[in-house]
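From a predicted model like this one, the values you see are computed outputs, not experimental measurements.
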Amino acid sequence: MGKRQRDCIGCGAPVGFINRQHCCRCTARMKDEATRASCPACGRSRVLQADTGRCITCSRTCAGCGRPVRSPAASHCGICRREADRQAAKRLCPRCRRPGFLQTRTGWCGHCSRQRQTKQPPRQCADCGQVRRHAGLGLCSACWQKHPDRPFIAAANLAARLAEPVPWLGDFAGHLADRHCASRACTMISTLGRLLDDEQPNHPQALLERARRPGRSMGSLARALEGFFTQRGLALPTDQAQRLAAGRRRRRIDATPLPLRPQVQAFAESMLRARERALKAGTRALKAGTLPRTDSTIDAALAIVRDLARFLTGTRNKQDWALTDVHDVEAFLATMPKARQRRLTVLRQYFRFARSRKVVLIDPTRGVKAEGPSGFSGTTIAVDQQRRLFRRWTTGTDAHPHEALLGILALLHAASSSEVRLLRVDDLDPTNRSVRLGKRPHPVPMNPPSWSALQRCLAHHADQRTDNPHLIVTRITKTGRPQPQPLTSATFWTPAVSHREPCEAPGSPTW
């Protein structure tokens with residue numbers, strides 16, 4: 001080493017070369033670091049191989065699975081070597097002709113050496129008497145599936161499995177057994193068991209909320225739990241009806257053209273606020289003598305306003321409510337002449353609201369009149385057709401009890417579809433042979449044909465084994481307590497009968 005020129009700027013050692021800043025050791029270390037880089041596999045600073053782009057240790061990989069191999073002399077990892085030794089120890093089984101570990105006791109593989117549970121021979125079923133394999137309680141599979149004790153057995157097994165069984169489980173099993181078949185009741189009890197077995201609280205209200213399915217249907221189990229809990233005062237009813245109504249309103253508003261949509265949204269909110277005020281105050285709605293608006297009334301009003309908005313933008317080429325005039329309203333009402341009165345009533349309500357919000361300056365419906373008769377204008381049938389229907393409903397045997405009741409009450413007592421749908425079992429007075437229909441001030445006396453149709457419906461109601469208080473119970477409403485859907489002329493094959501004016505009574509000269 002030459003004469004000391006300066007101190008190394010890295011370690012402070014003497015530097016014996018002119019124009020050098022580092023000593024010999026620091027210079028060698030810097031050259032070595034320049035050749036190293038971070039390995040993408042292990043992350044260490046190593047010299048990377050040109051063919052793999054990784055360090056020498058990470059470049060040695062298993063030929064079978066690709067895992068890193070530490071030993072330079074090994075071509076496979078330890079896992080692959082153990083698997084190869086395990087496969088080499090297998091021999092061909094003489095029974096199933098598959099490779100496996102042969103057992104010393106049998107000379108077969110483990111699968112073939114394992115004893116199988118033999119099936120019991122077919123026996124005579126205790127219910128149907130056929131010789132079949134038994135599923136339980138001495139019954140064949142078909143009889144066991146419909147056995148009435150299955151829900152109670154499933155509930156007992158569930159209660160024995162739970163750490164803290166709920167006290168109402170046995171009553172709920174009876175509630176399901178009275179309203180559903182045995183298989184469906186067992187399915188709902190199994191689903192209920194998964195809800196009771198989780199870590200969530202099993203309070204009736206919390207359990208009811210967890211049982212609800214997302215979407216437009218809350219599910220059969222949630223409906224059964226809601227009916228069971230509300231009847232016994234264990235939980236409050238769900239807001240499923242309000243959710244569905246909110247969804248219907250939202251779909252009608254979203255279907256409105258975008259330039260006219262904000263005003264329709266504000267109109268819907270004003271109708272909801274008016275209904276809430278009427279319900280809180282215990283008064284009637286905007287007009288005297290009318291009840292607060294129901295969800296169906298609000299839905300129908302929004303549908304009419306939506307149709308008008310589509311008509312204005314699509315046919316009249318108007319993108320603002322302020323441009324609406326009386327000619328537009330008349331042209332819109334002319335598209336459906338039979339619905340003119342109902343549409344005009346809703347449009348008057350909407351434009352009164354729009355005028356109060358300064359959306360329009362002049363009400364375009366002020367001079368429009370609802371032309372046409374205000375009474376019933378539907379399709380009626382001739383007297384000879386009425387006679388044939390009357391004989392079908394009274395003496396025939398192929399008519400459904402609901403069809404006969406609807407036809408007789410509409411034909412003889414001018415009962416509307418809503419009055420028949422809302423008719424309850426406790427509205428019948430067997431002593432006086434009268435029935436209370438809708439909002440009529442006095443009970444309506446029943447003649448023999450009408451009373452016979454009512455008795456047939458009562459017998460059909462008893463056969464349904466339901467606690468629905470309405471006289472007409474369908475397949476959908478028999479498991480709960482709601483009223484049936486609106487009955488129209490499409491419900492049965494018979495044509496519509498005028499329900500505004502009763503026809504001549506049987507026994508008159510025309511009959």
Side-chain angles (χ1 to χ4, degrees), residues 145-249 272 275-276 279-280 282 292 294-296 422 424-426 461 464-470 473-485:
Q145 292 294 329
K146 58 183 179 181
H147 195 272
D149 292 341
R150 282 191 63 203
F152 301 97
I153 296 175
N157 295 336
L158 176 60
R161 189 175 70 251
L162 295 175
E164 297 180 359
V166 291
W168 44 263
L169 185 57
D171 296 337
F172 181 66
H175 178 82
L176 293 179
D178 293 340
R179 292 160 178 80
H180 302 276
C181 65
S183 298
R184 188 163 185 82
C186 290
T187 302
M188 285 194 275
I189 291 176
S190 300
T191 307
L192 176 63
R194 289 192 291 270
L195 296 177
L196 294 175
D197 206 12
D198 57 10
E199 298 179 356
Q200 302 295 329
N202 292 335
H203 188 269
Q205 192 69 44
L207 186 65
L208 178 59
E209 292 298 331
R210 296 205 313 273
R212 298 175 63 179
R213 293 181 180 177
R216 299 177 63 179
S217 176
M218 63 188 299
S220 57
L221 177 60
R223 287 194 298 269
L225 287 174
E226 182 181 14
F228 177 77
F229 288 152
T230 54
Q231 287 181 10
R232 288 160 177 77
L234 300 177
L236 297 175
T238 60
D239 59 343
Q240 185 68 16
Q242 290 78 5
R243 287 187 181 184
L244 295 179
R248 292 193 299 270
R249 291 193 296 269
L272 293 177
R275 182 177 67 176
E276 291 178 0
L279 294 175
K280 289 180 179 179
T294 60
D295 292 327
S296 59
L422 298 176
R424 302 165 67 95
V425 178
D426 53 3
H461 185 277
Q464 297 294 319
R465 293 186 303 175
T466 177
D467 58 351
N468 194 318
H470 295 89
V473 177
T474 62
R475 180 178 57 86
I476 300 175
T477 62
K478 75 174 185 178
T479 58
R481 301 178 67 87
Q483 63 187 16
Q485 295 297 321

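Contact between Ala224 and Met188 at its shortest, heavy atoms only, is CB-SD, 4.5 Å. Nearest heavy-atom pair, Pro292 versus Leu279, reported as atom, atom and distance to 0.1 Å: CG-CD2, 4.0 Å. Nearest heavy atoms, Trp168 versus Pro204: NE1-CG, 4.2 Å. Of all heavy-atom pairs between Ala173 and Pro151, the closest is CB-O, 4.0 Å. In this structure, Ala222 and Leu208 approach most closely via the heavy-atom pair O-CD1, 3.5 Å.
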Worked verdict on Arg216 versus Arg243 for side-chain contact (heavy atoms from CB on, under 4.5 Å):
CA-CA 8 Å; Arg216 299 177 63 179; Arg243 287 187 181 184; over 6 Å; no
What verdict does the side-chain contact (heavy atoms from CB on, under 4.5 Å) test give for Arg275 and Asp295, after you've listed the backbone C-alpha separation in whole Å, the side-chain angles of each residue and the deciding distance to 0.1 Å?
CA-CA 10 Å; Arg275 182 177 67 176; Asp295 292 327; 2.6 Å; yes
Please step through side-chain contact (heavy atoms from CB on, under 4.5 Å) for the pair Phe228 and Asp171, ending with a clear verdict.
CA-CA 9 Å; Phe228 177 77; Asp171 296 337; 3.8 Å; yes
Might you work through the side-chain contact (heavy atoms from CB on, under 4.5 Å) test for His180 and Thr187, ending with a clear yes or no?
CA-CA 11 Å; His180 302 276; Thr187 302; over 6 Å; no
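The structure places CZ of Arg213 at 8.5 Å from CZ of Arg223, a figure rounded to the nearest 0.5 Å. Annotation: the span from Asn202 atom CG to Leu196 atom CG amounts to 5.0 Å, rounded to 0.5 Å. Remark: Ser220 OG to Leu225 CG distance equals 9.5 Å, nearest 0.5 Å. Taking CD from Gln205 and CG from Leu234, the interatomic distance works out to 10.0 Å, rounded to the nearest 0.5 Å. Atom CG of Leu195 sits about 10.0 Å away from atom CD of Gln200, to the nearest 0.5 Å. Of the inter-residue distances, the one linking Leu158 atom CG with Arg194 atom CZ reads 11.0 Å to the nearest 0.5 angstrom.
Residues Arg210 and Asp198 meet the side-chain proximity criterion, which asks for heavy atoms closer than 4.5 Å. With contacts defined as side-chain heavy-atom distances shorter than 4.5 Å, the pair Cys181/Lys146 does not qualify. Two residues are said to be in side-chain contact when any heavy atoms from C-beta on lie closer than 4.5 Å; Glu226 and Met218 meet this criterion. Using a 4.5 Å heavy-atom cutoff, the side chains of Asp197 and Leu162 are in contact.
Ring-plane geometry between Phe172 and His175 is classed as parallel, the angle between the planes falling under 30 degrees on a 0 to 90 degree scale with a further cut at 60.
Environment of CD in Gln242: crowded, with over 12 heavy atoms of neighbouring residues, nucleotides or ligands closer than 6.0 Å.
At a cut-off of 3.5 Å, with distance as the only test, a side-chain donor of Gln145 or Arg150 sits close to an acceptor on the other residue.
Screening Thr466, Asn468, Thr474 against His470 for a side-chain hydrogen bond (donor to acceptor under 3.5 Å, both in side chains) leaves a single residue, Asn468.
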